[in-house]
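Chain letters run A, B, ... following the sequence lines, proteins first and then strands; every chain starts at 1. The structure displayed is predicted, hence computed values, not measured ones.
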2 protein chains.
Amino acid sequence: MRSRADSSLAERKRQLVADELRDAALMLLATKGFDVVTVDDIVAAAGMSRRTFFRYFASKEDVVVRFLADMSVDVITELAARPPAEPPSVALRHALWVPLAACNDHPEHSERARVVVRLILDTPALHARWLESQIQWRAELATELASRCGLDPHTDPYPRMAAGMALLALDTVLQQWQPGDDEQRLTELTDRAFAVVAPALDAPTTSPDAG
Amino acid sequence: MRSRADSSLAERKRQLVADELRDAALMLLATKGFDVVTVDDIVAAAGMSRRTFFRYFASKEDVVVRFLADMSVDVITELAARPPAEPPSVALRHALWVPLAACNDHPEHSERARVVVRLILDTPALHARWLESQIQWRAELATELASRCGLDPHTDPYPRMAAGMALLALDTVLQQWQPGDDEQRLTELTDRAFAVVAPALDAPTTSPDAG
DNA sequence: GCAACTGGTGACACCGAGTGTCAAGGAATA
DNA sequence: TATTCCTTGACACTCGGTGTCACCAGTTGC
């Protein structure tokens, strides 16, 4: 009986197919543009059937956006792991740095990540989906922040807005991400972006009786 | 020769058709949900052809989102009209209040506006489009802010992020907008949201030599 | 009054995204 | 070897969105 090993094998096979599909898709989409490449083109390049594509990805947009959306768990985990005494601006800066650091750790992946970011920012449909996935991040970050600060996320706007400001900083960094930027430059951009929102993130909480 | 009057007549006829389509669409979408209502349902209710719908609206999403997106010009105009000495948080708060005030001025429209906002926030595809249209707002607000503050929007992240924070405040207000809220309540929500971001909006500019 | 022109409309065909269904194949199990 | 489970491909279908063409109304020019 090796049912666990079997499931692992099946899992790896699935992962292999998903990777093949994703690689073919990203290559075509990034080089030719999102709108002109059809799903038929992608599956032809990957040597699979059209139906299989939609078994692995919910939509054409999903292939691209999942790349960034998957980072959310790491970010939340990191935020939860930051020392409670740390001011919100510092904790959030470290949490959102995690995916950026992951890019830098794998230079061969970094290039593709940057290309995907460019593709998303330049394609309205993808940009919209990316922002939509940020809504989920924001809710999760807000929940974590609320428990950190002992606030009620339903009555106090701070947690949600603090999360929104952190994601705004991330967005700003990504939009300024240029080809050839090294880790040094990325750190710089991140620091500057968080410096802008820090006064609001670390401000003493507004008196709740005002609202 | 009354070519101007003619064009005005044609214009009004077009407006009439567009209104008919929009009303039928909003009623169906708001009551039954965005996904279950097809364009065929809408044009059947409006008594027009499917093709005509797409001559007036770029997409099914467009009917709903245009409602909010059209407000952007008023906001930018108001921001440009605010006294230059006014701190950014105050100027932005007044600018973004314009569309909210417009809702309050027409109670019969206010109800529909709230329903549309609810529909957008509750429908992922619409929420994504709404955020996408906010990108345009943000760019325009950033340009206006940059000229107000004498900053270069390309090198300094402040204008873009300040605009983003203002829109974040608007988003927060809309999400907390409940049935039965009067102008008083809306003012309250707006004040609280802007109070959160104000420390960052009005902070002394970061030294540009840091980046 | 009649012909040409214009702009809006409906009908139709078409494409691409996405889904439901079913039969076939391949690997693990009894 | 027979059975079961999972994946896949093939096919048909819905729906959003577009291009095209013929039709009709109101206008312009003779």
Side-chain angles (χ1 to χ4, degrees), chain A residues 1-22 24-26 28-29 32-66 119 123-126 128-129 132, chain B residues 1-22 24-26 28-29 32-66 119 123-126 128-129 132:
Chain A
M1 181 206 297
R2 34 179 174 148
S3 66
R4 198 159 306 161
D6 280 348
S7 100
S8 165
L9 174 66
E11 194 61 34
R12 270 176 301 175
K13 281 173 70 178
R14 276 189 67 81
Q15 192 59 48
L16 213 67
V17 175
D19 287 352
E20 190 71 26
L21 245 13
R22 185 204 53 197
L26 289 185
L28 282 175
L29 294 174
K32 300 191 172 184
F34 184 79
D35 294 322
V36 300
V37 175
T38 70
V39 175
D40 288 286
D41 296 336
I42 296 171
V43 297
M48 308 187 187
S49 107
R50 174 185 165 66
R51 195 65 187 81
T52 298
F53 177 89
F54 286 106
R55 285 200 181 92
Y56 285 85
F57 300 97
S59 67
K60 199 171 79 170
E61 295 158 355
D62 188 37
V63 195
V64 187
V65 174
R66 262 238 275 275
L119 179 65
T123 308
L126 290 175
R129 288 292 161 195
E132 187 190 345
Chain B
M1 182 208 293
R2 35 178 174 150
S3 66
R4 197 159 307 160
D6 279 349
S7 99
S8 163
L9 175 66
E11 195 60 34
R12 269 178 300 176
K13 280 172 70 177
R14 276 189 66 81
Q15 192 59 47
L16 214 67
V17 175
D19 288 352
E20 191 70 27
L21 244 12
R22 185 204 53 197
L26 289 185
L28 281 174
L29 295 174
K32 300 190 172 183
F34 185 80
D35 294 322
V36 300
V37 175
T38 70
V39 175
D40 289 287
D41 295 336
I42 296 172
V43 297
M48 307 186 186
S49 108
R50 175 185 163 68
R51 195 67 188 81
T52 297
F53 177 90
F54 287 107
R55 286 199 182 95
Y56 285 86
F57 301 98
S59 67
K60 199 171 80 170
E61 295 158 355
D62 189 37
V63 195
V64 188
V65 174
R66 265 240 277 274
L119 179 65
T123 308
L126 290 176
R129 288 291 160 195
E132 188 191 346

To the nearest Å, how far apart are [X] [atom1] and [N] [atom2]?
X	N	atom1	atom2	value
Phe54(A)	dC15(D)	CZ	C1'	13 Å
Asp40(A)	dG9(D)	CG	C1'	13 Å
Leu126(A)	dA17(C)	CG	P	13 Å
Lys60(B)	dT18(D)	NZ	C1'	17 Å
Met48(A)	dG25(C)	CE	C1'	17 Å
Asp62(B)	dT18(D)	CG	C1'	15 Å
Asp35(B)	dG18(C)	CG	P	13 Å
Lys13(A)	dC5(D)	NZ	P	17 Å

At their closest point, which heavy atom of Arg14(A) faces which heavy atom of Arg55(A), and how far apart are they?
NH2-O, 4.2 Å

Of all heavy-atom pairs between Val37(A) and Ile42(A), which one has the smallest distance, and what is that distance?
CG1-CG1, 3.8 Å

Phosphate-side-chain proximity, Tyr56(B) and dT9(C), N/O vs OP1/OP2 below 4.0 Å
yes

Can you see if the side chain of Thr52(A) gets near the phosphate of dG9(D) - specifically, an N or O under 4.0 Å from OP1 or OP2?
yes

Side chains of Asp62(A) and Ser59(A), donor plus acceptor under 3.5 Å
no

Is it the case that the base of [N] and the side chain of [X] share a donor-acceptor contact (distance under 3.5 Å, atom types as modelled)?
X	N	answer
Arg55(A)	dG9(D)	yes
Arg51(B)	dG17(D)	no
Arg50(B)	dG17(D)	yes

Side-chain heavy atoms of Lys60(B) within contact of Phe34(B), under 4.5 Å
yes

